[in-house]
Each structure stands twice: as C-alpha cells, then as structure tokens.
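Here the structure is laid out as structure tokens; the discussion comes afterwards.
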Amino acid sequence: MATEESPQVTRRATRSYSASNTAIESTNLPESYKPTINDLGFRQQPLRLEDLLSSFPGRRSQILELLRLLGPLNSPMFPILVYGGPSTGKTSVTLQVFRHLNRPFIYSSCITCYSPRILFESILNQLLFHRKDSGHSYSSVKRCERPSDFVNYLREALENVLTNLKGNSGKVSSKMSGRPDGTMVYLVFDNLERIRDWDKSSTILPFLFNLNDILKMPEVGLIFISNTSPDTYYLNIGYVEPIPLYFPDYTEDDLRHIFMANQTNSRLYASFLDVVLRPFCRVTRQVDELAAAFSSLFKKYSEPLSDKEVAPNEEMKRRLFSHIRPHIASALNETFQVRSQPLLKAETNEETKKTNSSRMLGIREDFDKIDFHMSTSAKYLLISAFLASRNPATLDASLFDSTGVSDSRKRKRKMLFV
Ligand SMILES: Nc1ncnc2c1ncn2[C@@H]1O[C@H](COP(=O)(O)OP(=O)(O)OP(=O)(O)O)[C@@H](O)[C@H]1O
C-alpha cells in the first residue's frame with residue numbers, strides 16, 4: 001500500500017495489546033510503572049462513533065450490532081461470541097469498540113495464553129493490576145491452574161475492580177482523568193478456537209462458556225472471539241449459548257474501500273487496485289495477506305514514476321500495467337494459501353445460499369474445495385504429468401521428436417514407461 005498505514009488499525013496496533021496479553025504487562029512501560037484502574041481502559045483517546053465506523057469499511061453493521069449487544073452504560077449483557085474467518089476484523093473491531101465506549105475491559109488471547117495456567121494468571125494479573133517484572137521475578141500475582149481456584153480468585157479480583165469503579169463513578173469527567181467509564185467490566189477471550197489445541201482435557205471451553213452462570217455477576221460481561229463457527233463448540237450442551245455475531249468475509253468492494261483508506265495518491269492507488277484486486281481476491285480475501293502482497297507490488301507499480309504524486313492518465317496506466325504484469329503472477333503464487341480451518345458452518349441458510357451462488361460465479365469455488373496447500377506451478381506440473389501419462393508414446397514421438405517419427409527401438413523403450 002502506498003502509505004502502508006491502511007488498513008488504518010494495523011495488526012501491530014491491535015496486537016500490541018494482545019502480544020503481552022495485556023497493556024499492564026506491556027514491555028513498553030518503565031519498570032517502575034504501577035498499573036491502576038485506568039489501565040483497564042484502552043489507554044488512547046476515545047474514538048468518536050463516526051471515526052470508528054469509517055476506520056472499518058465493510059464492518060458498519062457488525063460494529064452497530066456489537067454496540068447494541070453491549071448495551072448502554074452499566075447495563076448487564078448476555079455473553080457474546082464474535083466469529084468469522086481469519087482477518088475479518090474481529091479483534092480490531094472489538095478492541096476499538098471498547099476504545100469508543102471507553103469502558104473497562106481486559107483482553108487475553110488464547111494464542112499467547114497457551115495453557116489454562118497462563119490464561120488464568122493473565123486474567124488475574126490484569127484485574128489485580130499486577131505487572132510481571134524483575135521485581136517480582138516475572139511471576140504472576142497468583143499461581144492458579146485449576147478452574148475452581150481460578151473462579152475464587154477471579155470473583156475476589158472482580159469485586160475489587162467493581163468497588164474501585166463504583167468509587168470512581170460520579171467523579172470528574174472520566175475523559176479528563178483517563179479513567180474508563182461505568183461500573184461494568186468486560187472480559188475478552190480472543191482466538192478461542194486455539195483452546196482445543198492446548199486443552200487436552202477438553203474442560204476449559206465448557207468452563208469458559210459456563211463462566212457467566214458460575215460467576216452470577218451481572219456487572220461482568222464476557223466476549224469470546226473465534227475464527228470457527230458456534231457449531232464447532234456446542235456439542236456438549238449444558239450452558240447457555242453466547243449470542244453469535246458473525247463477521248463475514250469481505251467483498252471485493254469492501255476490500256477496495258479498506259485499501260483505499262489513507263492513500264496519499266488515491267488516483268494512482270485506485271489504478272493499481274484496478275489491476276491487482278480482482279486476481280488477488282480469487283486467491284485470498286484476508287486483509288493482512290493482501291496488505292503484505294500489495295505493499296511490495298505497489299512499490300514495483302510506481303517504480304517507473306519520478307513523480308509519485310502524479311494522477312495517471314490512460315497511457316500511463318497502460319505503461320504501469322505492463323511494468324507490473326510479470327510480478328503479479330509470482331506475487332499471486334506466494335500469496336496463495338488455502339484456508340485450512342473448517343469452513344464456517346453457522347451461516348444462516350440465506351447466507352449459505354448467497355455465498356454458494358456467488359461462488360458458482362467465481363474461481364473461488366475451486367479453491368474452497370481444496371483443503372491442502374499447493375502452489376499454482378505444482379498444479380500445472382501435476383496436470384501436465386497426468387496428460388502426458390494418457391498419451392501413447394507414439395503420439396509423444398510424433399509431437400516432440402524432431403524427425404516426426406520414432407524408431408522401433410525408441411518406441412520400445414518409451415512403452416516401458418507408459
Ligand atoms: N474493515 C477493516 N478496515 C481496516 N482494517 C481492517 C479491517 N478488517 C481487518 N483489518 C485489518 O486486518 C488485520 C487483521 O484484523 P484482525 O486481527 O482484527 O482480524 P481477526 O478477524 O481478529 O483475525 P484472526 O481471526 O486471524 O485473529 C488488522 O491489521 C486489521 O486492522
């Protein structure tokens with residue numbers, strides 16, 4: 001991308017929070033930093049609703065629905081399951097919604113928290129304002145492995161936080177003081193699907209889905225984020241299902257808006273997208289993969305231009321297209337990855353029908369059927385090998401032998417390989 005700043009909320013920005021599981025554990029803070037209740041907020045200027053909506057093209061209805069499900073300030077909520085394919089903006093949207101609302105939340109990713117103990121301790125550290133630092137020999141505030149211990153510690157920690165929040169409410173405007181608003185606290189669990197990889201006892205998922213019932217604390221909101229559909233979780237019913245919120249794959253038009261955001265030379269970038277977006281969309285619709293591919297391709301595309309601010313005319317567009325053409329195929333090949341995780345099953349019937357009919361129209365259908373990765377060149381090689389194996393040796397000889405005929409010796413040898 002031209003500015004390399006679009007999509008606006010970069011993966012680094014969304015994950016700076018998650019990389020260390022929590023702002024409190026962030027390595028950017030000085031050793032002496034003592035976390036407070038303010039660290040349960042987003043720690044950045046709250047976003048206005050218009051800015052939030054314009055930061056995420058193609059996600060308007062999901063943002064509004066998430067806001068509706070979270071409800072007005074201080075209102076209890078049902079647990080929510082935000083789900084959809086990879087890179088559909090689930091994490092960024094959820095975190096930025098909290099930034100907009102300026103409400104207290106903690107965030108734990110089940111990628112970086114890859115065992116029950118690490119997950120539980122990460123949550124407790126955040127709620128108890130504890131930093132893992134050299135002063136504490138990088139230990140957690142509590143050692144906690146069993147769900148039953150976790151529930152006891154969690155309840156205690158939440159009660160402390162809630163008392164703290166209630167003490168704050170009604171004081172000077174929270175916007176001025178940097179304090180989060182309200183007397184609810186939200187727990188966000190990201191990459192829920194990863195729990196199956198590390199929880200061999202299969203107890204943690206049911207436990208988390210039950211947490212709302214176990215805690216019975218209306219001031220606590222639970223948000224689960226997953227890139228697999230609800231169907232993949234609810235086999236052992238025994239808990240109230242969270243309210244699902246689906247993030248569908250982006251359309252080509254959404255992706256155009258996402259990539260056009262913040263471009264310094266929008267006319268030039270639009271002409272670049274005209275050339276690359278369609279073929280790439282057939283291979284992937286993941287924003288991060290496309291961003292990586294487009295970043296270097298756009299540099300190539302604009303290479304021949306001495307003035308990068310120029311608005312290209314038709315002649316220039318043609319010249320730039322022929323310059324970039326050889327690079328597109330190899331970039332496509334590099335980008336090509338088939339989604340290996342199970343296809344999202346919980347699309348509504350209507351959605352399924354819609355997707356199916358749109359897939360009938362595109363090459364994407366072919367990619368969706370393959371469940372392992374194979375580069376395009378390897379596919380051509382396989383097809384060639386298959387065709388070659390169907391040809392009789394005599395036909396090969398008549399096509400490829402310079403004399404146009406094959407002697408019987410050659411034929412005999414070739415027959416051995418057929
Ligand atoms: N609508 C959008 N507008 C701008 N940027 C977006 C949009 N959707 C996704 N992105 C960007 O794509 C990247 C991946 O987004 P994010 O991590 O939120 O997706 P995700 O659905 O949580 O992915 P995963 O399931 O892999 O965790 C981030 O850099 C994010 O800012």
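Computation of the quantities below employed the complete heavy-atom set of this structure, encompassing side-chain atoms and omitting hydrogens, waters and symmetry-equivalent molecules. Just so it is clear, the structure is predicted and the values come from calculations on it, not from any experiment. Remember, it's 1-based here, ligands and their atoms both numbered in the order they're listed.
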Is it true that E315 and K317 make a salt bridge, defined as a side-chain N closer than 4.0 Å to a carboxylate O? no
For ligand 1, which atoms sit closer than 4.0 Å to a heavy atom of [X]?
X: F56; result: 1 (N), 2 (C), 3 (N), 7 (C)
X: T88; result: 19 (O), 20 (P), 21 (O)
X: N227; result: 25 (O)

Whether [X] lies under 4.0 Å from ligand 1, heavy atom:
X: S87; answer: yes
X: S55; answer: yes
X: Y250; answer: yes

Nearest heavy atoms of C110 and N191, plus distance in Å: CB-O, 3.3 Å
Donor-acceptor check, side chain of [X] to backbone of [Y], threshold 3.5 angstrom: yes or no?
X: T232; Y: S229; result: yes
X: R285; Y: Y250; result: yes
X: N125; Y: E121; result: yes

Does the side chain of L119 come within less than 4.5 Å of F150's, by heavy atoms?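 F150 vs L119: side chains apart.
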Looking only at distance, does [X] have an N or O less than 3.5 Å from an N or O of ligand 1?
X: S92; value: yes
X: R59; value: no
X: D288; value: no

Have a look at ligand 1 and work out which part of [X], if any, has a heavy atom under 4.0 Å from it: side chain, backbone, both or neither.
X: N191; value: side chain
X: I258; value: side chain
X: V287; value: side chain

How would you list, by chain and number, every residue that makes a ring-ring contact (aromatic ring centres under 6.0 Å, His included) with Y186, sequence neighbours excluded? F98
Would you mind listing every ring-ring contact (aromatic ring centres under 6.0 Å, His included) that reaches into residues 209-229, with sequence neighbours excluded? F189-F224, F209-F224, F209-Y233, F209-Y234, F209-Y239
